[in-house]
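Have a look at the structure below before the remarks.
We number each residue from 1, following the sequence as shown.
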Amino acid sequence: MKENAFEALTVETLPGRLGPVAAIAERIGADSNLWKVREVGDGNLNLVFIVEGEKGTVIVKQALPYVRLVGDSWPLPLKRSFFEYHALSRQAERAPGTVPAIHHFDEAQALIVMEFLSPHIILRRALIEGRRLPKIARDLGLFMAHTLFRGSDLSMKASERKADLALFADNVELCDITESLVFTDPYFEAPMNRHTPGLEALVKELRADRDLKVEAQRMKHQFATRAETLVHGDLHSGSVMVTDTETRVIDPEFAFYGPMAFDVGMLLANYWMSFFSQRGHETAGSREGMRAYLLGVIDETWNTFRNEFARLWHTERKGMLYDAALYEARNDGLASEQALNHVIHDIWTDMLGFAGVEMHRRILGLAHNADFEDIADEAQRASCEAAALKFGRHIIVNRNKIQSLAELDMLAQALDQGKLS
């Protein structure tokens, strides 16, 4: 075997392979024979191990040369770990304390050793269980405002942003997954699509919906061409780990320069899907309070993002866009407010379109959410998913006419209660 050639880790080989790495030994103990290794990866792409030693614990994440969900029939480049490493590094600078610390990166072996988060659990699992996390809305609203603003031409030097854009532009294959599986495949009979039995009539209706398909492709057009900022690229409730007091964002391997609204739309879509799934999780009692909580989280997340974005606009707008020399320096603060309102309005309308597409792909495409998948009763699951599909269609097609989250709260509640067909 060629020296340093890629080799997938196993529970058995990991201690011998990583034992000599000083950064790991310092954190968990030098004697790798004493390490306890568990493979815990349940995602679609990678190997993930928890490695526990006498001094501490770390997470080891290794990319595979294929899509794990599908198998080696779908090859995927190992370089995605390179983009994850660089995205985590930038997020740590732009939003300190929001992502796990990196202890070691091995580009040839496509692996990252990072901070073990405990007693954190995946946000999606917490919401399925009916837990009401008090900090997620504010924490994630701030995370998005800080990373999206500070990774854009509103804040960065143009030369630095263009160099960063060139670096992340090579994340071609993962962008292609999004471009195909998110924006295109759900809207026709793609081979890897699947849906819950009982949705056939609605699925047929959506795939024949001319307005919907045109608008979904307009959102794909924006995704592919609007390189506004470094986005996480896969910011859903499975990419967030939480406790009652802390929120951390993980798994940015899909990072690239794209529309500001993309991360916001994906995250809010996952909150909306959690909302529509709650009736399927009422085996132990009513989830009415949980539904109200989730709508409140959506409102607070958006408002926190919008308000913090505005604060950064006034305090950190040092990039080439909307130069203060044209506004504040001329004592024309009103012009600055007018420009800000245009930017926020564009993010609002784009966010709705991206959110609707994300809801559709998670129900009609390849990769589904546990929010719905964990509902054992197929008829109940189909009912919950139908409401979410209709909501998604509405916000995609009507995004330029929707005025407020209060309007969407009422729509979501009416669909959830079966009052609208």
For this session: Would you indicate whether Gln338, at its atom CD, is surrounded by more than 12 heavy atoms from other residues, nucleotides or ligands within a distance under 6.0 Å?
Result: no
Problem set entry | Partners meeting side-chain contact (heavy atoms from CB on, under 4.5 Å) with Pro75 (sequence neighbours left out) | none
For this session: Under the side-chain contact (heavy atoms from CB on, under 4.5 Å) rule, collect the residues that match up with Pro77, sequence neighbours excluded.
Result: Lys79, Glu173
Exercise. Quick one: are Gln62 and Ser81 in side-chain contact, heavy atoms under 4.5 Å?
Worked result: no
Seminar exercise, completed: For Arg317 and Ser336 the tightest heavy-atom approach is NH1-OG, 3.7 Å
For this session: Scan His360, Arg361, Lys213 and name whichever one has a side chain to side chain donor-acceptor pair (under 3.5 Å) with Tyr187.
Result: His360
Exercise. Would Ser155 and Leu312 count as a side-chain contact (heavy atoms from CB on, under 4.5 Å) if you check the C-alpha gap in whole Å, the side-chain angles of each, and the deciding distance to 0.1 Å?
Worked result: CA-CA 9 Å; Ser155 177; Leu312 295 171; over 6 Å; no
Exercise. Can any side-chain N or O of Thr301 pair as donor or acceptor with the backbone N or O of Val297 at less than 3.5 Å?
Worked result: yes
Exercise. Looking only at heavy atoms, which two atoms of Leu295 and Asp409 are closest? And how far apart?
Worked result: CD2-OD1, 3.7 Å
Exercise. Does Glu253 come within less than 4.0 Å of Arg80, counting only side-chain N to carboxylate O?
Worked result: yes
Exercise. Ala25 and Gly19: which non-hydrogen atoms are nearest, and at how many Å?
Worked result: CB-O, 4.3 Å
Exercise. Is it the case that more than 12 heavy atoms not belonging to His314 sit under 6.0 Å from its NE2 atom?
Worked result: yes
Problem set entry | Partners meeting salt bridge (charged side-chain N to carboxylate O under 4.0 Å, His left out) with Glu84 (sequence neighbours left out) | Lys61
Exercise. Can you list the steps and then say if His103 with Ile24 is a side-chain contact (heavy atoms from CB on, under 4.5 Å)?
Worked result: CA-CA 7 Å; His103 302 317; Ile24 303 175; 5.8 Å; no
Determine all donor-acceptor pairs shorter than 3.5 Å in which one atom belongs to a side chain in residues 111-125; sequence neighbours excluded.
{"unit_1": "Glu115", "atom_1": "OE1", "unit_2": "Ala101", "atom_2": "N", "d": "3.0"}
{"unit_1": "Glu115", "atom_1": "OE1", "unit_2": "Arg248", "atom_2": "NH2", "d": "2.6"}
{"unit_1": "Glu115", "atom_1": "OE2", "unit_2": "Arg248", "atom_2": "NH2", "d": "3.4"}
{"unit_1": "His120", "atom_1": "ND1", "unit_2": "Ser118", "atom_2": "N", "d": "3.2"}
{"unit_1": "His120", "atom_1": "NE2", "unit_2": "Glu246", "atom_2": "OE1", "d": "2.6"}
{"unit_1": "Arg124", "atom_1": "NE", "unit_2": "Ser237", "atom_2": "OG", "d": "3.1"}
{"unit_1": "Arg124", "atom_1": "NE", "unit_2": "Asp371", "atom_2": "OD1", "d": "3.0"}
{"unit_1": "Arg124", "atom_1": "NH2", "unit_2": "Ser237", "atom_2": "OG", "d": "3.4"}
{"unit_1": "Arg124", "atom_1": "NH2", "unit_2": "Asn270", "atom_2": "OD1", "d": "2.9"}
{"unit_1": "Arg124", "atom_1": "NH2", "unit_2": "Asn369", "atom_2": "OD1", "d": "3.1"}
{"unit_1": "Arg125", "atom_1": "NH1", "unit_2": "Asp374", "atom_2": "OD2", "d": "2.9"}
{"unit_1": "Arg125", "atom_1": "NH2", "unit_2": "Asp374", "atom_2": "OD2", "d": "3.0"}

Exercise. Does the side-chain contact (heavy atoms from CB on, under 4.5 Å) test come out yes or no for Leu408 and Phe391, once each step is laid out?
Worked result: CA-CA 9 Å; Leu408 292 176; Phe391 183 88; 4.3 Å; yes
Problem set entry | Any side-chain heavy-atom pair of Met273 and Glu358 under 4.5 Å | yes
Could you go through residues 318-327 and list every donor-acceptor pair under 3.5 Å that involves a side-chain atom there, pairing it with any protein atom two or more places apart or in another chain?
{"unit_1": "Asp323", "atom_1": "OD1", "unit_2": "Ala325", "atom_2": "N", "d": "2.8"}

Problem set entry | Glu12 with Arg17: basic N within carboxylate O range, under 4.0 Å | no
Seminar exercise, completed: Tightest non-hydrogen contact, residues Phe183 and Gln217, listed as O-NE2, 2.9 Å
Exercise. Under a 4.0 Å N-O cut-off, is there an ion pair linking Glu52 with Arg38?
Worked result: no
For this session: Kindly write out the residues that satisfy side-chain hydrogen bond (donor to acceptor under 3.5 Å, both in side chains) with His394, not counting sequence neighbours, or none if the list is empty.
Result: Asn398
Exercise. Is it true that a side-chain atom of Asp251 and a backbone atom of Asp234 form a donor plus acceptor pair closer than 3.5 Å?
Worked result: no
Exercise. Do the charged groups of Glu215 and Arg218 touch, with an N to O distance under 4.0 Å?
Worked result: yes
Exercise. Do the side chain of Arg399 and the main chain of Ile396 share a donor and acceptor less than 3.5 angstrom apart?
Worked result: yes
Problem set entry | side-chain contact (heavy atoms from CB on, under 4.5 Å) partners for Arg138, two or more places apart | Leu142, Glu300, Thr304
Exercise. So which pairs with a foot in residues 241-269 pass ring pair (Phe, Tyr, Trp, His ring centres under 6.0 Å), sequence neighbours left out?
Worked result: Phe223-Phe256, Phe223-Phe262, Phe262-Phe354
Exercise. Between the main-chain N or O of Pro186 and the side-chain N or O of Arg207, is there a donor-acceptor pair closer than 3.5 Å?
Worked result: yes
Seminar exercise, completed: Taken in chain and number order and not counting sequence neighbours, the residues that satisfy salt bridge (charged side-chain N to carboxylate O under 4.0 Å, His left out) with Lys220 are none
For this session: Show your reasoning for whether salt bridge (charged side-chain N to carboxylate O under 4.0 Å, His left out) applies to Arg381 and Glu385.
Result: CA-CA 6 Å; Arg381 188 196 315 155; Glu385 291 177 331; 5.3 Å; no
Problem set entry | Pairing residues for Arg131 by the salt bridge (charged side-chain N to carboxylate O under 4.0 Å, His left out) criterion, not counting sequence neighbours | Asp244
Exercise. Is the distance between the ring centroids of Phe275 and Trp272 under 6.0 Å?
Worked result: no
For this session: Count the heavy atoms of every other residue, nucleotide or ligand shown that sit under 6.0 Å from CZ of Arg330, and state whether that count exceeds 12.
Result: no
Exercise. How about Ile250 and Val240: do any of their side-chain heavy atoms sit closer than 4.5 Å?
Worked result: no
Exercise. Looking only at heavy atoms, what is the nearest atom pair of Ile102 and Ser89, with distance?
Worked result: CD1-OG, 4.1 Å
Seminar exercise, completed: salt bridge (charged side-chain N to carboxylate O under 4.0 Å, His left out) filter on Arg194, not counting sequence neighbours, yields Glu373
For this session: Answer with yes or no after comparing the ring centroid distance for His86 and Phe82 against a 6.0 Å cut-off, counting only values under it.
Result: yes
For this session: Answer yes or no: is there a side-chain heavy-atom contact under 4.5 Å between Phe309 and Met144?
Result: no
For this session: Could you check if a side-chain atom of Met290 sits within less than 4.5 angstrom of a side-chain atom of Tyr293, using non-hydrogen atoms only?
Result: yes
Exercise. Taking NZ, NE, NH1 and NH2 as the nitrogens, is one of them in Lys55 or Glu26 under 4.0 Å from a carboxylate oxygen of the other?
Worked result: no
For this session: Begin with the C-alpha distance, continue with both residues' side-chain angles, and end with the deciding distance and a verdict on salt bridge (charged side-chain N to carboxylate O under 4.0 Å, His left out) for Arg291 and Glu288.
Result: CA-CA 5 Å; Arg291 284 189 282 275; Glu288 193 59 40; 2.9 Å; yes
Seminar exercise, completed: side chain to side chain contact (heavy atoms under 4.5 Å, CB included) test vs Val37 passes for just one of Leu9, Val51, Thr10, namely Val51
For this session: Please examine the side chains of Arg27 and Thr57, heavy atoms only from C-beta on, and report whether any two atoms are closer than 4.5 Å.
Result: no
For this session: Step by step, work out the side-chain contact (heavy atoms from CB on, under 4.5 Å) result for Asp185 and Leu364.
Result: CA-CA 8 Å; Asp185 287 6; Leu364 304 180; over 6 Å; no
Exercise. Do you know which two heavy atoms are closest between Phe6 and Ala63, and how far apart they sit?
Worked result: CZ-O, 3.3 Å
Seminar exercise, completed: By ring-ring contact (aromatic ring centres under 6.0 Å, His included), Tyr271 pairs with (sequence neighbours left out) none
